[in-house]
Amino acid sequence: MDKAQIIDGKAYAEGLRARVARDVQILSNTHGLTPGLGVVLVGDDPASQIYVRNKGVQAVQAGMRSFETRLPADATLEEVLGAVRAFNADPSVHGFLVQLPLPKHLPEAEILEAIDPAKDADGIHLINAGLLASGLDGAAPCTPVGCILLIKHIRGNNLSGLEAVVIGRSNIVGKPVAQLLLRENCTVTIAHSRTRDLAAVCRRADILIAAVGQPELVRGDWIKPGATVIDVGVNRLPAPEKGVGKTRLVGDVCFAEALEVAGAVTPVPGGVGPMTIACLLRATLIAACRQNEIVVPEI
Ligand code: NAD
């Protein structure tokens, strides 16, 4: 059998960002509207700093306005809520997010619920989760949206009737990606840490999505021949072969084994990862259109 197609998420995300930039330009020319993306960053977590910087750079490259509110690690709940309320009230900010994880003393749920659902770029407000579960239009979380775009890129727009298995039931990846697959008329199974005979469940899948956080959990013999495998997992392992203290990234799927069985598989890095910010820009563009009652472009 031929080796699986490697799904180039980096290239797809680049194309998506270019399409968003084109539509931002059209929006600006025809309606004088420039979408704005905001981020509230609390504390100095190094990974979050890099991520927030990338969001800002990519927003500006797409022709959007970028807003950042930085607060110290010991910020009070009132200060964080104040930053959220300021973005809620600012008409030039169409979408924003509070970068997670938050310092431990801050109540995450209370802060996320203070975000105006119409500006919830990450799609994690309870109202948006409810809209998604009801099959209604709201903001969906960016990584799951990225997974669906990659699947459609490989399998075409009609996913109707396909067996989809999602491993992981988190609110930010597993559950919303399962809802989006259901919306596409897939037959969806959500597997998790208590699922019995996970390998047998996975072997049913035409579309297999792993969002677990366990390095190379999914082996080649868990995969149905020809399946589309989307690996959301990001796990950092020691890589002494690269030098002292060096690390490497692996996904939740054993990539080498998947290549021998699957029809198509995302690599880690370079698969789902680059899709998240591209989808955040897409979400901000959509939010700007909805808030101004402008027809949302097909992107
Ligand atoms: P999480 O820890 O919230 O959820 C993990 C899920 O996996 C849980 O529902 C749990 O039941 C399930 N699980 C744990 N061990 C299992 C096992 N042995 N067998 C079956 N199921 C098991 O994680 P999350 O936030 O959903 O993230 C999952 C992975 O995706 C992580 O590696 C994370 O870094 C990655 N991630 C990547 C992106 C991106 O690429 N942009 C975005 C979000 C998350």
Side-chain angles (χ1 to χ4, degrees), residues 6-14 16-17 39 45-48 50-55 58 97-102 108-109 112 121-124 129 132 139-151 164-181 188-205 208-219 221-223 229-237 247-255 258 265-283:
I6 297 173
I7 305 170
D8 189 343
K10 192 162 173 269
Y12 188 92
E14 256 174 50
L16 178 56
R17 284 190 279 120
V39 179
D45 175 69
S48 294
I50 295 171
Y51 195 48
V52 167
R53 195 173 61 229
N54 286 340
K55 281 174 191 165
Q58 293 188 24
L97 55 92
V98 177
Q99 183 65 42
L100 301 177
L102 285 166
E108 185 179 299
L112 297 180
D122 248 353
I124 48 175
L132 183 61
C142 296
T143 303
V145 170
C147 294
I148 301 297
L149 291 175
L150 290 180
I151 294 165
V165 173
V166 179
I167 322 174
R169 56 176 161 181
S170 72
N171 289 335
I172 191 71
V173 189
K175 280 186 207 141
V177 85
Q179 295 288 359
L180 290 170
L181 288 162
V188 185
T189 303
I190 304 179
H192 47 77
S193 52
R194 306 292 175 87
T195 297
R196 280 179 288 165
D197 201 353
L198 182 59
V201 172
C202 291
R203 272 194 290 271
R204 297 206 303 259
L208 179 60
I209 300 192
V212 184
Q214 297 270 338
E216 300 184 330
L217 173 77
V218 176
R219 311 306 307 193
D221 63 357
W222 294 25
I223 297 171
V229 179
I230 304 293
D231 190 352
V232 185
V234 181
N235 308 289
R236 196 168 282 283
L237 296 183
T247 59
R248 67 189 171 99
L249 290 183
V250 297
D252 291 341
V253 176
C254 178
F255 185 69
V265 57
T266 57
V268 177
V272 174
M275 294 297 290
T276 300
I277 295 183
C279 289
L280 186 66
L281 302 179
R282 179 180 180 271

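We count ligands from 1, going down the list as the structure has it; atoms in each ligand are counted the same way.
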When rounded to the nearest 0.5 angstrom, what distance separates [atom1] in [X] from [atom2] in [Y]?
| X | Y | atom1 | atom2 | result |
| --- | --- | --- | --- | --- |
| R203 | L198 | CZ | CG | 10.0 Å |
| I7 | L150 | CD1 | CG | 6.0 Å |
| L280 | N54 | CG | CG | 11.5 Å |
| T189 | L181 | OG1 | CG | 10.5 Å |

So is [X] close enough to ligand 1, meaning a heavy atom under 4.0 angstrom away?
| X | result |
| --- | --- |
| G273 | yes |
| A211 | yes |
| T195 | no |

Going through the checks in order, is the side-chain contact (heavy atoms from CB on, under 4.5 Å) test met by L97 and K55?
CA-CA 11 Å; L97 55 92; K55 281 174 191 165; 3.5 Å; yes
Report the part of [X] (side chain from C-beta onward, or backbone N, CA, C, O) that has a heavy atom under 4.0 Å from ligand 1; answer both or neither where that applies.
| X | answer |
| --- | --- |
| T276 | side chain |
| Q214 | side chain |
| V232 | both |

May I ask you to identify the nearest protein heavy atom to [atom], giving residue, atom name and distance to one decimal place in Å?
| atom | result |
| --- | --- |
| atom 18 (N) of ligand 1 | L217 CD1, 4.1 Å |
| atom 34 (O) of ligand 1 | V234 O, 3.7 Å |
| atom 42 (C) of ligand 1 | T143 OG1, 3.4 Å |
| atom 24 (P) of ligand 1 | S170 OG, 3.7 Å |
| atom 31 (C) of ligand 1 | G213 CA, 3.8 Å |
| atom 8 (C) of ligand 1 | R169 N, 4.0 Å |

Mind running side-chain contact (heavy atoms from CB on, under 4.5 Å) on I50 and V52 for me, showing each step along the way?
CA-CA 6 Å; I50 295 171; V52 167; over 6 Å; no
Could you tell me which atoms of ligand 1, counted from 1 in the order shown, lie closer than 4.0 angstrom to a heavy atom of [X]?
| X | answer |
| --- | --- |
| I172 | 25 (O) |
| L198 | 19 (N), 20 (C) |
| I167 | 20 (C), 21 (N) |

Heavy atoms, side chains only, cut-off 4.5 Å: are [X] and [Y] in contact?
| X | Y | result |
| --- | --- | --- |
| C279 | L16 | yes |
| I209 | V232 | yes |
| T143 | V272 | yes |

Going by the closest heavy atom to atom 23 (O) of ligand 1, which one wins out of V268, V212, V173, T266?
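Selected option, by shortest heavy-atom distance: V212.
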Any donor and acceptor pair, going by atom type alone, linking the side chain of R169 with main-chain N or O of V166 inside 3.5 Å?
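No: the side chain of R169 does not pair with the backbone of V166.
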Using the rule given for side-chain contact (heavy atoms from CB on, under 4.5 Å), can you reason through L217 versus W222, listing the C-alpha separation, both sets of side-chain angles and the distance that settles it, and then say yes or no?
CA-CA 10 Å; L217 173 77; W222 294 25; 4.0 Å; yes
With respect to S193, determine whether any N or O atom, backbone or side chain, lies less than 3.5 Å from an N or O atom of ligand 1.
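Yes - when backbone and side-chain N and O of S193 are compared with those of ligand 1, one distance drops under 3.5 Å.
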